[in-house]
Amino acid sequence: MLAHPRRDDDAVSTSSAPPETEDLEAVLQEVADQVRSAAEDGTVADYIPVLADADPSSFALVLSCLDGREFAVGDADQPFPIQSISKVLSLVLAARKSEATDGSGVADALWGRLGREPSGDPFNSLVQLEHERGIPRNPMINAGALVVDDILLDHCDDVPGDTLQLVERLVGEPVSFDEEVRNAERGTSHRNRALANLMADFDNLNHTVDEVLESYVAACALSLSTRQLARAFRFLANDGCDPGTGERILSASFARRCAAIMLTCGTYDAAGEFAYSVGLPCKSGVAGGIVALVPGWATIAVWSPPLDRTGNSVAGRLALDELAARLDLSIF
Ligand code: GLN
(Lines give C-alpha, C1' and ligand atoms only; values in the text may rest on other atoms or scores of the structure.)
Protein backbone atom coordinates (compact mmCIF):
# COMPACT_ATOMS: atom_id res chain seq x y z
CA MET A 1 0.00 0.00 0.00
CA LEU A 2 1.40 3.40 -0.95
CA ALA A 3 1.88 6.01 1.73
CA HIS A 4 1.32 8.75 -0.87
CA PRO A 5 -1.19 7.29 -3.32
CA ARG A 6 -1.38 8.41 -6.92
CA ARG A 7 -3.84 11.09 -7.87
CA ASP A 8 -7.41 9.84 -8.12
CA ASP A 9 -7.79 8.07 -11.40
CA ASP A 10 -10.47 10.53 -12.48
CA ALA A 11 -8.64 13.68 -11.37
CA VAL A 12 -7.49 15.82 -14.28
CA SER A 13 -3.80 16.62 -14.16
CA THR A 14 -3.31 20.34 -14.74
CA SER A 15 0.46 20.28 -14.91
CA SER A 16 3.12 17.81 -15.93
CA ALA A 17 5.43 19.21 -13.25
CA PRO A 18 5.83 17.01 -10.17
CA PRO A 19 5.13 18.63 -6.81
CA GLU A 20 7.87 21.17 -6.13
CA THR A 21 6.66 21.71 -2.60
CA GLU A 22 7.28 18.21 -1.30
CA ASP A 23 10.38 17.60 0.68
CA LEU A 24 11.90 15.49 -2.04
CA GLU A 25 14.82 14.23 0.02
CA ALA A 26 12.38 12.97 2.64
CA VAL A 27 10.39 11.23 -0.08
CA LEU A 28 13.56 9.55 -1.38
CA GLN A 29 14.43 8.44 2.14
CA GLU A 30 10.98 6.95 2.69
CA VAL A 31 11.19 5.10 -0.61
CA ALA A 32 14.69 3.84 0.23
CA ASP A 33 13.53 2.63 3.66
CA GLN A 34 10.57 0.90 2.09
CA VAL A 35 12.37 -0.97 -0.70
CA ARG A 36 15.91 -1.70 0.53
CA SER A 37 15.12 -5.03 2.14
CA ALA A 38 13.77 -6.35 -1.18
CA ALA A 39 17.41 -6.70 -2.25
CA GLU A 40 17.38 -9.92 -0.20
CA ASP A 41 15.20 -11.49 -2.90
CA GLY A 42 17.85 -10.93 -5.57
CA THR A 43 21.28 -12.30 -6.40
CA VAL A 44 24.37 -10.30 -7.29
CA ALA A 45 25.94 -11.01 -10.70
CA ASP A 46 28.68 -13.58 -10.21
CA TYR A 47 30.26 -14.09 -13.64
CA ILE A 48 33.30 -12.11 -12.48
CA PRO A 49 34.66 -12.06 -8.89
CA VAL A 50 34.63 -8.28 -8.62
CA LEU A 51 30.84 -8.23 -9.12
CA ALA A 52 30.27 -11.36 -7.03
CA ASP A 53 32.02 -9.59 -4.14
CA ALA A 54 29.70 -6.55 -4.29
CA ASP A 55 28.05 -5.71 -0.98
CA PRO A 56 24.40 -6.74 -1.51
CA SER A 57 23.25 -4.15 1.03
CA SER A 58 24.69 -1.17 -0.89
CA PHE A 59 21.92 1.19 -1.91
CA ALA A 60 21.68 4.67 -3.37
CA LEU A 61 18.87 6.73 -4.84
CA VAL A 62 19.41 10.12 -6.52
CA LEU A 63 17.02 12.57 -8.13
CA SER A 64 18.78 15.10 -10.35
CA CYS A 65 16.50 17.90 -11.53
CA LEU A 66 17.08 19.84 -14.73
CA ASP A 67 16.98 23.07 -12.71
CA GLY A 68 20.11 21.97 -10.81
CA ARG A 69 18.51 20.71 -7.61
CA GLU A 70 19.82 17.32 -6.54
CA PHE A 71 18.48 14.98 -3.87
CA ALA A 72 20.42 11.92 -2.76
CA VAL A 73 20.14 9.18 -0.16
CA GLY A 74 22.34 6.17 0.65
CA ASP A 75 25.74 5.41 -0.90
CA ALA A 76 25.25 8.03 -3.62
CA ASP A 77 28.96 8.83 -4.05
CA GLN A 78 30.26 5.29 -4.19
CA PRO A 79 31.34 4.36 -7.73
CA PHE A 80 30.22 1.12 -9.38
CA PRO A 81 30.61 -0.20 -12.95
CA ILE A 82 27.63 1.01 -14.94
CA GLN A 83 27.86 -2.02 -17.25
CA SER A 84 25.00 -2.06 -19.77
CA ILE A 85 23.88 1.45 -18.88
CA SER A 86 26.90 2.49 -20.96
CA LYS A 87 25.08 1.15 -24.04
CA VAL A 88 23.04 4.35 -24.12
CA LEU A 89 26.18 6.49 -23.93
CA SER A 90 27.83 4.49 -26.72
CA LEU A 91 24.74 5.00 -28.86
CA VAL A 92 24.84 8.72 -28.13
CA LEU A 93 28.53 8.89 -29.03
CA ALA A 94 27.90 6.97 -32.26
CA ALA A 95 25.13 9.38 -33.17
CA ARG A 96 27.38 12.37 -32.50
CA LYS A 97 30.32 10.93 -34.41
CA SER A 98 28.39 9.75 -37.45
CA GLU A 99 26.57 13.07 -37.78
CA ALA A 100 29.73 15.06 -37.33
CA THR A 101 32.15 13.24 -39.57
CA ASP A 102 30.45 12.18 -42.76
CA GLY A 103 27.15 14.02 -42.69
CA SER A 104 25.30 10.84 -43.64
CA GLY A 105 23.42 11.02 -40.39
CA VAL A 106 22.80 8.60 -37.64
CA ALA A 107 19.96 6.98 -39.51
CA ASP A 108 22.16 5.65 -42.30
CA ALA A 109 25.02 4.69 -40.02
CA LEU A 110 22.99 2.73 -37.51
CA TRP A 111 19.65 1.49 -38.60
CA GLY A 112 20.76 -0.56 -41.56
CA ARG A 113 22.75 -2.71 -39.16
CA LEU A 114 20.60 -3.02 -36.08
CA GLY A 115 16.95 -2.75 -35.18
CA ARG A 116 14.78 -0.83 -32.77
CA GLU A 117 12.52 -3.58 -31.53
CA PRO A 118 12.43 -5.03 -28.03
CA SER A 119 14.02 -8.46 -28.00
CA GLY A 120 11.91 -10.23 -25.39
CA ASP A 121 15.06 -12.28 -24.80
CA PRO A 122 17.89 -12.08 -22.25
CA PHE A 123 20.47 -9.36 -22.97
CA ASN A 124 23.14 -11.83 -24.05
CA SER A 125 21.00 -14.28 -26.03
CA LEU A 126 22.43 -15.81 -29.20
CA VAL A 127 19.25 -17.47 -30.40
CA GLN A 128 17.49 -14.50 -31.99
CA LEU A 129 20.68 -13.29 -33.65
CA GLU A 130 21.03 -16.52 -35.61
CA HIS A 131 17.39 -16.41 -36.73
CA GLU A 132 17.67 -12.75 -37.69
CA ARG A 133 20.84 -13.19 -39.72
CA GLY A 134 23.23 -11.22 -37.53
CA ILE A 135 21.09 -8.07 -37.21
CA PRO A 136 20.62 -7.39 -33.47
CA ARG A 137 17.15 -6.39 -32.35
CA ASN A 138 18.27 -3.15 -30.69
CA PRO A 139 21.32 -1.26 -29.32
CA MET A 140 20.49 -1.98 -25.65
CA ILE A 141 21.32 -5.69 -25.78
CA ASN A 142 24.88 -6.98 -26.00
CA ALA A 143 24.83 -7.82 -29.72
CA GLY A 144 23.45 -4.37 -30.57
CA ALA A 145 26.07 -2.62 -28.45
CA LEU A 146 28.80 -4.59 -30.23
CA VAL A 147 27.54 -3.22 -33.57
CA VAL A 148 27.50 0.30 -32.10
CA ASP A 149 31.11 -0.23 -30.99
CA ASP A 150 32.00 -1.39 -34.50
CA ILE A 151 30.51 1.86 -35.86
CA LEU A 152 32.44 3.87 -33.26
CA LEU A 153 35.67 2.24 -34.44
CA ASP A 154 35.02 3.80 -37.88
CA HIS A 155 35.02 7.24 -36.30
CA CYS A 156 37.27 7.21 -33.23
CA ASP A 157 40.98 6.50 -32.81
CA ASP A 158 40.31 5.73 -29.16
CA VAL A 159 36.73 4.64 -28.43
CA PRO A 160 37.19 4.30 -24.63
CA GLY A 161 38.97 7.68 -24.52
CA ASP A 162 36.19 9.41 -26.45
CA THR A 163 33.56 7.76 -24.24
CA LEU A 164 35.33 8.99 -21.13
CA GLN A 165 35.60 12.50 -22.56
CA LEU A 166 31.87 12.63 -23.29
CA VAL A 167 30.94 11.38 -19.83
CA GLU A 168 33.33 13.78 -18.10
CA ARG A 169 31.70 16.64 -19.98
CA LEU A 170 28.30 15.46 -18.81
CA VAL A 171 29.16 14.95 -15.14
CA GLY A 172 31.54 17.91 -14.92
CA GLU A 173 34.36 15.99 -13.24
CA PRO A 174 36.91 13.26 -14.01
CA VAL A 175 35.65 9.68 -14.20
CA SER A 176 37.48 6.44 -14.93
CA PHE A 177 37.24 2.81 -15.93
CA ASP A 178 37.41 0.17 -13.23
CA GLU A 179 40.49 -1.72 -14.45
CA GLU A 180 39.71 -4.80 -12.38
CA VAL A 181 36.29 -5.02 -14.05
CA ARG A 182 37.76 -4.32 -17.49
CA ASN A 183 40.33 -7.13 -17.11
CA ALA A 184 37.82 -9.57 -15.71
CA GLU A 185 35.34 -8.80 -18.53
CA ARG A 186 38.10 -9.39 -21.08
CA GLY A 187 38.76 -12.80 -19.62
CA THR A 188 35.14 -13.93 -19.47
CA SER A 189 33.57 -12.54 -22.61
CA HIS A 190 33.05 -15.92 -24.28
CA ARG A 191 29.39 -15.28 -25.00
CA ASN A 192 30.00 -11.74 -26.24
CA ARG A 193 32.76 -13.12 -28.45
CA ALA A 194 30.30 -15.68 -29.79
CA LEU A 195 27.81 -12.88 -30.56
CA ALA A 196 30.52 -10.88 -32.32
CA ASN A 197 31.71 -13.90 -34.30
CA LEU A 198 28.18 -14.67 -35.41
CA MET A 199 27.71 -11.10 -36.60
CA ALA A 200 31.08 -11.16 -38.37
CA ASP A 201 29.91 -14.29 -40.18
CA PHE A 202 26.81 -12.41 -41.33
CA ASP A 203 29.04 -9.51 -42.50
CA ASN A 204 27.72 -7.18 -39.84
CA LEU A 205 31.12 -6.21 -38.41
CA ASN A 206 33.76 -4.13 -40.19
CA HIS A 207 36.44 -4.47 -37.52
CA THR A 208 37.99 -7.50 -35.89
CA VAL A 209 36.14 -9.26 -33.10
CA ASP A 210 39.03 -8.41 -30.74
CA GLU A 211 38.89 -4.69 -31.55
CA VAL A 212 35.13 -4.57 -31.06
CA LEU A 213 35.28 -6.51 -27.79
CA GLU A 214 38.01 -4.25 -26.44
CA SER A 215 35.77 -1.19 -26.85
CA TYR A 216 32.80 -3.09 -25.46
CA VAL A 217 34.49 -4.27 -22.24
CA ALA A 218 35.83 -0.78 -21.55
CA ALA A 219 32.30 0.65 -21.71
CA CYS A 220 31.04 -2.05 -19.32
CA ALA A 221 33.79 -1.05 -16.87
CA LEU A 222 32.93 2.66 -16.85
CA SER A 223 32.71 3.49 -13.18
CA LEU A 224 30.28 6.16 -11.95
CA SER A 225 28.60 6.95 -8.67
CA THR A 226 24.81 7.01 -8.57
CA ARG A 227 25.00 10.79 -8.35
CA GLN A 228 27.22 11.02 -11.44
CA LEU A 229 24.98 8.59 -13.30
CA ALA A 230 21.91 10.74 -12.66
CA ARG A 231 23.80 13.85 -13.79
CA ALA A 232 25.21 12.23 -16.91
CA PHE A 233 21.76 11.41 -18.27
CA ARG A 234 20.08 14.77 -17.71
CA PHE A 235 20.55 15.88 -21.31
CA LEU A 236 18.33 13.01 -22.41
CA ALA A 237 15.53 14.30 -20.19
CA ASN A 238 16.10 17.77 -21.66
CA ASP A 239 15.69 17.19 -25.40
CA GLY A 240 19.40 16.59 -25.93
CA CYS A 241 20.71 19.74 -24.22
CA ASP A 242 22.89 19.55 -21.09
CA PRO A 243 20.96 21.67 -18.58
CA GLY A 244 24.12 22.41 -16.60
CA THR A 245 26.14 23.95 -19.42
CA GLY A 246 23.50 24.62 -22.08
CA GLU A 247 25.56 22.56 -24.52
CA ARG A 248 23.65 20.61 -27.14
CA ILE A 249 24.76 16.99 -26.92
CA LEU A 250 22.24 15.51 -29.36
CA SER A 251 19.49 16.80 -31.60
CA ALA A 252 16.15 16.97 -29.82
CA SER A 253 14.67 14.43 -32.18
CA PHE A 254 17.44 11.87 -31.61
CA ALA A 255 17.36 12.46 -27.85
CA ARG A 256 13.65 11.61 -27.85
CA ARG A 257 14.36 8.54 -29.91
CA CYS A 258 17.03 7.42 -27.42
CA ALA A 259 14.42 7.77 -24.69
CA ALA A 260 11.99 5.70 -26.77
CA ILE A 261 14.61 2.97 -27.18
CA MET A 262 15.32 3.04 -23.43
CA LEU A 263 11.63 2.66 -22.69
CA THR A 264 11.07 -0.23 -25.08
CA CYS A 265 14.44 -2.02 -24.82
CA GLY A 266 16.45 -0.63 -21.87
CA THR A 267 15.54 -3.29 -19.33
CA TYR A 268 15.68 -6.28 -21.74
CA ASP A 269 12.87 -8.77 -21.38
CA ALA A 270 11.38 -6.79 -18.48
CA ALA A 271 10.88 -3.63 -20.59
CA GLY A 272 7.12 -4.15 -20.86
CA GLU A 273 6.87 -4.61 -17.11
CA PHE A 274 8.97 -1.47 -16.45
CA ALA A 275 6.82 0.57 -18.84
CA TYR A 276 3.70 -0.74 -17.13
CA SER A 277 4.83 -0.28 -13.54
CA VAL A 278 7.35 2.62 -13.63
CA GLY A 279 6.21 4.39 -16.80
CA LEU A 280 9.59 6.02 -17.52
CA PRO A 281 12.39 5.34 -20.03
CA CYS A 282 14.97 3.29 -18.06
CA LYS A 283 18.31 1.60 -18.64
CA SER A 284 19.75 -1.00 -16.30
CA GLY A 285 23.12 -2.68 -15.83
CA VAL A 286 24.22 -5.97 -14.35
CA ALA A 287 26.03 -4.29 -11.43
CA GLY A 288 22.63 -3.17 -10.13
CA GLY A 289 22.36 0.37 -11.46
CA ILE A 290 19.28 1.75 -13.20
CA VAL A 291 18.80 5.23 -14.63
CA ALA A 292 15.38 6.64 -15.49
CA LEU A 293 14.36 9.77 -17.42
CA VAL A 294 11.55 12.04 -16.35
CA PRO A 295 11.35 14.11 -19.56
CA GLY A 296 11.36 17.84 -18.94
CA TRP A 297 12.00 17.55 -15.22
CA ALA A 298 14.72 15.22 -13.93
CA THR A 299 16.60 11.95 -13.99
CA ILE A 300 16.53 9.30 -11.30
CA ALA A 301 19.42 6.91 -10.67
CA VAL A 302 19.33 3.99 -8.30
CA TRP A 303 21.89 1.36 -7.32
CA SER A 304 21.39 -1.89 -5.47
CA PRO A 305 23.49 -4.88 -6.66
CA PRO A 306 21.13 -7.89 -6.22
CA LEU A 307 19.33 -8.69 -9.49
CA ASP A 308 16.16 -10.47 -10.50
CA ARG A 309 16.13 -13.20 -13.15
CA THR A 310 15.90 -10.62 -15.95
CA GLY A 311 19.16 -8.99 -14.81
CA ASN A 312 17.54 -5.88 -13.33
CA SER A 313 18.13 -4.64 -9.77
CA VAL A 314 15.31 -5.91 -7.54
CA ALA A 315 15.31 -3.03 -5.07
CA GLY A 316 16.19 -0.53 -7.80
CA ARG A 317 13.15 -1.47 -9.79
CA LEU A 318 10.91 -1.23 -6.73
CA ALA A 319 12.39 2.17 -5.83
CA LEU A 320 11.60 3.54 -9.29
CA ASP A 321 8.15 2.05 -9.20
CA GLU A 322 7.43 3.59 -5.80
CA LEU A 323 9.01 6.99 -6.52
CA ALA A 324 7.22 7.31 -9.86
CA ALA A 325 3.93 6.49 -8.14
CA ARG A 326 4.42 8.91 -5.24
CA LEU A 327 5.45 11.82 -7.47
CA ASP A 328 3.10 10.88 -10.31
CA LEU A 329 5.94 10.72 -12.82
CA SER A 330 4.71 8.25 -15.43
CA ILE A 331 4.96 9.66 -18.95
CA PHE A 332 1.67 7.99 -19.84
N1 GLN B 1 29.26 -7.02 -18.96
C2 GLN B 1 27.93 -7.53 -19.15
C3 GLN B 1 27.88 -8.38 -20.39
O4 GLN B 1 28.58 -8.08 -21.33
C5 GLN B 1 26.95 -6.38 -19.29
C6 GLN B 1 25.53 -6.85 -19.32
C7 GLN B 1 24.58 -5.99 -18.53
O8 GLN B 1 24.93 -5.09 -17.80
N9 GLN B 1 23.32 -6.35 -18.63
O10 GLN B 1 27.12 -9.32 -20.47
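Read the numbers this way: they start at 1 and go in the same order the structure lists the ligands and their atoms.
- Residue contact check: Val286 has heavy atoms under 4.0 Å from atoms 7 (C), 8 (O), 9 (N) of ligand 1.
- Below 4.0 Å from some heavy atom of Gly285 lie the following atoms of ligand 1, by number and element: 8 (O).
- Side chain to side chain, Ser37 and Glu40 fail the donor-acceptor criterion of an N or O pair below 3.5 Å.
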Open item on the list: Please evaluate residues Leu236 and Lys283 with respect to the criterion side-chain contact (heavy atoms from CB on, under 4.5 Å), reporting the C-alpha separation (whole Å), side-chain torsions for both, the decisive distance (0.1 Å), and the verdict.
Closed with: CA-CA 12 Å; Leu236 282 174; Lys283 182 74 197 90; over 6 Å; no
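- Contacts of Ser84 with ligand 1, taken as heavy-atom pairs under 4.0 Å, involve both backbone and side chain.
- Applying the 4.0 Å criterion to heavy atoms of Tyr47 picks out, from ligand 1, the atoms 1 (N), 2 (C).
- The part of Asn192 lying near ligand 1 is the side chain, judged by heavy-atom distances below 4.0 Å.
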Open item on the list: Before you tell me yes or no, could you show the steps for Arg96 and His155 under side-chain contact (heavy atoms from CB on, under 4.5 Å), namely the whole-Å CA-CA distance, both residues' side-chain angles and the distance that decides it to 0.1 Å?
Closed with: CA-CA 10 Å; Arg96 284 168 60 86; His155 298 288; over 6 Å; no
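- Closest heavy-atom approach to atom 10 (O) of ligand 1 within the set Asn142, Val181, Leu307, Asn124: this belongs to Asn142.
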- [ ] Please test Arg137 against Asp121 for salt bridge (Lys or Arg N to Asp or Glu O under 4.0 Å), starting from the C-alpha separation and ending with a verdict.
- [x] CA-CA 10 Å; Arg137 274 285 172 109; Asp121 268 338; over 6 Å; no
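- Of all the atoms in ligand 1, the ones that sit under 4.0 Å from a non-hydrogen atom of Glu185 are 1 (N).
- The closest protein non-hydrogen atom to atom 4 (O) of ligand 1 is Tyr216 OH, 2.7 Å.
- A donor-acceptor pair under 3.5 Å is formed between the side chain of Arg191 and the backbone N or O of Asn124.
- Ligand-side atoms of ligand 1 in range of Gln83: 1 (N), 2 (C), 5 (C), 8 (O), range being under 4.0 angstrom from any heavy atom.
- Put simply, the side chain of Arg133 never gets that close to the backbone of Phe202: no donor and acceptor are under 3.5 Å apart.
- Distance from atom 9 (N) of ligand 1 to its nearest protein heavy atom, with residue and atom name: Tyr268 OH, 2.8 Å.
- Put simply, the side chain of Asp150 gets close to the backbone of Asn206: a donor and an acceptor are under 3.5 Å apart.
- Considering backbone and side-chain N/O of Ser284, none are found under 3.5 Å from N/O of ligand 1.
- Neither the backbone nor the side chain of Arg191 comes within contact range of ligand 1; no heavy atom lies under 4.0 Å.
- A distance-only check finds no donor-acceptor pair linking the side chain of Asn138 to the backbone of Cys265 [under 3.5 Å].
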